[in-house]
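Below is one structure, written out as structure tokens; the observations come after it.
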Amino acid sequence: MEHNTKDTGSVSYLDKTANGRGILAWILSTDHKRIGLLYAMVMFSFFAVAVSIGFTMRLALIEPGHKILSARTYDALFTIHGVIMIFIFIIPSIPAFLGNFFLPILIGAKDVAFPRLNLLSWYIFVIGAVLAVVSLFTGGGPIDTGWTFYVPYSIQTGTNVTLAAFSVFLIGFSSMLTGINFITTIHRYRAPGMKWFRMPLFAWSLYATGWVQILATPVIAITLLLIIAGRMFGIYLFDPASGGDPLLYQHLFWMYSHPAVYIMILPAMGVVTEIIPTFSKKPIFGYTAIAMSSLAIAFFGSLVWGHHMFTSGMSQTAKWLFSLLTFIVAVPSGVKVFNWVASLYGGSIELEPPLLFTFAFIFLFSIGGFTGLIQGALAVDVQVHDTYFIVGHLHYVMFGGTAFALFAGIHYWFPKMFGKMYNKNVARLALLVMFIGFNTLYFPMFVLGWEGMPRRSYDYLPQFHTGQLISIVGSWILVPGLIIMFTNLIYALFKGEKTPANPWGGVTLEWKISSPPPRENFEEIPVITSRPYVFGAEAEHE
Amino acid sequence: MLPDASNIAKGVDGVLLFIVITGIVIIGIVTFFMIFFSVTYNKRRHPEPDSVQDSTVLEIVWTVVPIGIVLVMFYLGWKNYKFIQGVPKNAMTVRVTGRQWSWLFTYANGKNSGILELPVGKPVKLDITSADVIHGFFIPAFRIKQDAVPGVVNSIWFIPDKTGTYEILCTVYCGIGHAHMLSKAVIVPEADFDTWYNEKQQVPVQANAAAARGEGLIKQYGCTGCHTVDGSPLVGPTYKGLYNSRITVITNGKERTVTADDAYIKLCILDPGVNLVKGFPPHVMPSFKGRLTGRDIREIIAYVKTLK
């Protein structure tokens, strides 16, 4: 499989003489690969900031009553941490970075359907991110509402909610445009012979995600505008004093923000679905089931938002219906997990870093999923709602799930993106350290939450001290793990060994072109004659 | 360990246990096969992959069986929750008002209290609401939680079945004092409760009756959530040594020094936005206009005077 190294004479998208020098050749580029990397740069810069904030917040809780940070500072920090991680890091992470880079290649296209719109999306994203930063230093200062902007507090507080909400509004626009772009690309730009069920599953997951982005994002956009209208013009749709309803806000907010969870996790599932066949050297088990479960998750996931509001005061009917749907949406996720594991059966498995990251993802995401079931059960949700249990759960799903899948994807496609290989043993070490740190940091939160520790508190009762301490020690392990991983990757970016075009022996289209990929991906658009993930002997049969 | 001190607790714990055990078993199986396959079918041992066909039967099995399992979980969760609709007729009603940043409990006879005192073994219904933003009323030991939403009354009921003192916390972020929006549920034998319930509002123990009532008021209205009486600053300035002291405030963006006399304190209570004490965050204190009478404020000032 590693014979495909011969340079076909095409020019790499990274080549300086062909693409022009300097920063302008990047920020004016409409090449989907360059735009993907532009997203990565912005995302990871913000990620570094938000990790530091998270680390600081942990540290501040080292002793009850011992106020390292004032309440006001802590409240601002957990809000900024949430806004950055959710809106600037996790939501765009896999679609905008890996999706932009690999979707066109995986379906045999030269670029996305609307390359200029793609660049515009990045600009809107950057402007939104910059405004979020500006909001910290202008008006009433850093917002302290939590990333959920719950009314009436968000209308009453003197902090700079207006600008922060507007920045999230802009970032939402960017996400919507990317969704439109991907859906059009998938409908119109598949290579000849690539029928729907010959598409790689990462493309399927981005397709399902695209629909959620288009249909759900406008709801939060409008909701945030209504908050701004409330603050600036006194149009209080959500204020009971003026005949409004604060629960209406919660419905509108979660109508987007719960589907947003699937915007975060579906592409992650797509990434690991690409990785498993490559390292077990056999087709994915249950291709159709995995593709359909993505659509099922996107559909049912849009109907479960009410489970964020079991204690808010909804009607009994709404409560049991949302609880039932929440349990149903767990099933397609389970189907995916079973198919991934079944894909290993009878394979020829190489435990390379991307596969190990994938295993970590499956384990952590399963814990995230099961703790989600605990919250879906009405009687138990009453106890754990708005406590540290939720904080633990959401980090298992978003960090253990999406971010670990992102790391898996980066380790998988790094040699393709840059034509260089990182140190695999250092990558394995980083994963081990992160895995231990992650569980030490977030698992105690389940116990703390069950025993009643409320989230978003800068101080706590003495009985929660032990759990907090264990969790803080976890952050001291997790962060060094992250540093090892990123140092290894950045080192490889500059000094990594050159690698052949197909170091893992993958069979999807990206492995059939040179590394780094040529400017227009394919010299000649390939013609597809079989399903993806067909290896060795079987390929000859086709 | 978390005590189970209400009629609800055991049912809730049972549902949790069921889901946790199912989860451990299923995640255990998934993890076992992940490791088992990685070892058995490792490239060194198994250099050529087998040809494995998709199996519709397997897909159906691992779709239908999980649906069955989650439906059981759903049913258990609902069954242990739906009792909430059937409030017993003999339940005692207490009105709970959340406000930044304290809880106020109002009993049927008009008695106000900052702690929730209840008789053991008697059903109680809580009518929960908020005076300002959304709060979350939470008693972990009873496994009950209900958001306090302004403009809406949400009710829950339960039977506290063990005497003792249990924590009440706020779970919905409600501003700077959120972490300290704490109270206690005190569960006592019925006779003790009756005595407490019928005793007159705080007999003044101090010679100064007005100051004594003032002390009661600042606890009842949650002032001590932000202002201490022992000299340490919290969210806002302390009351100790405040009266007639010279303090630096920011008025209309300009710094000036004022004397904390009766008029100043009254203005701070009714219109807290006018003067901001230097070093403290703005927009935090709510106005008490319409909530405290002139007499209330005089009594609070009388109490502040005693804190030297």
Side-chain angles (χ1 to χ4, degrees), chain A residues 71-72 75 146 150 152-153 156-158 240 246-247 280-282 285-286 289 311-313 316 320 323-324 327 330-331 334-335 337-338 341 344-351 359 362-363 366-367 370 373-374 377-380 382-383 385-387 450-452 454 456-459 461 535 538, chain B residues 2 11-12 15-16 19 23 27 30-31 33-34 37-38 41-43 46-52 54 59 62-63 66-67 70 73-74 76-78 80-81 85 133-134 136 138 140 143-147 149-152 154 167 169-176 178-180 235 281-283:
Chain A
R72 197 167 185 79
D75 297 345
Y150 264 26
Y153 186 72
Q156 183 209 69
T157 178
L247 293 194
S280 60
K281 293 288 175 293
K282 56 188 281 293
F285 190 85
T311 66
S312 301
Q316 296 293 314
W320 73 253
S323 171
L324 180 63
F327 278 106
V331 174
V335 167
V337 170
F338 300 139
V341 175
L344 299 170
Y345 171 75
S348 179
I349 297 168
E350 290 164 282
L351 293 175
F359 287 172
I362 293 176
F363 181 78
S366 300
I367 294 181
F370 262 97
L373 292 180
I374 291 174
L378 277 164
V380 191
V382 169
Q383 176 74 3
H385 189 68
D386 276 329
T387 67
W450 173 254
E451 293 188 341
R456 296 173 172 172
S457 300
Y458 82 113
D459 196 5
L461 297 168
F535 285 81
E538 282 180 58
Chain B
L2 184 64
V12 174
V15 185
L16 177 80
I19 303 179
I27 295 175
V30 165
T31 311
F33 277 109
M34 221 153 56
F37 288 158
S38 302
Y41 299 109
N42 197 285
K43 194 178 183 184
H46 197 254
E48 281 303 315
D50 302 339
S51 174
V52 180
D54 282 4
E59 300 293 347
W62 63 43
T63 306
I67 288 180
V70 296
M73 290 176 182
F74 161 73
L76 290 174
W78 171 240
N80 285 284
Y81 181 78
Q85 288 165 308
V133 299
I134 298 177
F138 182 29
R143 315 287 189 273
I144 59 160
K145 180 182 291 125
Q146 179 63 57
D147 288 3
V149 182
V152 180
N154 290 319
E167 311 286 354
L169 305 117
C170 174
T171 51
V172 177
Y173 176 72
C174 54
I176 208 158
H178 167 61
H180 291 133
V235 175
H283 312 296

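Note on naming: letters A, B, ... go to the chains in the order of the sequence lines (proteins, then strands), and numbering restarts at 1 for each one.
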| Winner by heavy-atom pair count (cut-off under 4.5 Å) against chain A, out of B:I67, B:I176, B:L76 | B:I176
| query | If every non-hydrogen atom of B:I19 is compared with every non-hydrogen atom of A:A377, which pair is closest and at what distance? | reply | CD1-CB, 3.8 Å
| query | Where do B:V149 and A:P246 come nearest, in terms of heavy atoms and distance? | reply | CG1-CG, 3.5 Å
| request: Check step by step if side-chain contact (heavy atoms from CB on, under 4.5 Å) holds for A:W450 and B:L16. | output: CA-CA 10 Å; A:W450 173 254; B:L16 177 80; 3.8 Å; yes
| Proximity breakdown for A:T387 and chain B, heavy-atom pairs closer than 4.5 Å | side chain
| Does the side-chain contact (heavy atoms from CB on, under 4.5 Å) test come out yes or no for B:V15 and A:Q383, once each step is laid out? | CA-CA 12 Å; B:V15 185; A:Q383 176 74 3; over 6 Å; no
| message | For B:S38, which atoms come within 4.5 Å of any heavy atom of chain A: side chain, backbone, both, or neither? | response | both
| remark: Applying a strict 4.5 Å limit to non-hydrogen atoms, the region of A:L461 in contact with chain B is side chain
| said: For the interface with chain A, which of B:G136, B:P150, B:P49 has the highest count of heavy-atom pairs at distances below 4.5 Å? | reply: B:P49
| Toward chain A, the part of B:F33 with a non-hydrogen atom under 4.5 Å | both
| query | Which one, B:I27, B:I144, B:N80, leads in non-hydrogen pairs under 4.5 Å with chain A? | reply | B:I27
| field | Top contributor to chain A contacts, counting heavy-atom pairs under 4.5 Å, from B:P140, B:C170, B:G151 | value | B:P140
| query | Quick check, are the ring centers of B:Y173 and A:Y150 under 6.0 angstrom apart? | reply | no
| task | Can you label the angle between the B:W78 ring and the A:W320 ring as parallel, tilted or perpendicular, going by 30° and 60°? | result | tilted
| Under 4.5 Å from any heavy atom of chain B - which part of A:V337 | side chain
| query | What part of B:N154 gets closer than 4.5 Å to chain A, counting heavy atoms only: side chain, backbone, both or neither? | reply | side chain
| message | Looking at chain A, which one of B:V152, B:V30, B:V172, B:D54 has the largest number of heavy-atom pairs inside 4.5 Å, strictly under? | response | B:D54
| query | Can you say whether B:E59 sits under 4.5 Å from chain A via the side chain, the backbone, both, or neither, judging by heavy atoms? | reply | side chain
| Nearest atoms (heavy-atom pairs only) where A:S323 meets B:F74 | OG-CD1, 3.3 Å
| query | Just by modelled atom types, is the B:V52 backbone N or O under 3.5 Å from a matching donor or acceptor in the A:K282 side chain? | reply | no
| Side chain, backbone, both or neither: which part of B:H46 has a heavy atom under 4.5 Å from chain A? | both
| remark: Answer key: most heavy-atom pairs under 4.5 Å with chain B among A:G146, A:A289, A:G286, A:S366 is A:G286
| message | Checking A:S457 against B:H178 for the side-chain contact (heavy atoms from CB on, under 4.5 Å) test, could you report, in this order, the C-alpha distance in whole Å, the side-chain angles of both residues, the deciding distance, and whether it holds? | response | CA-CA 7 Å; A:S457 300; B:H178 167 61; 3.6 Å; yes
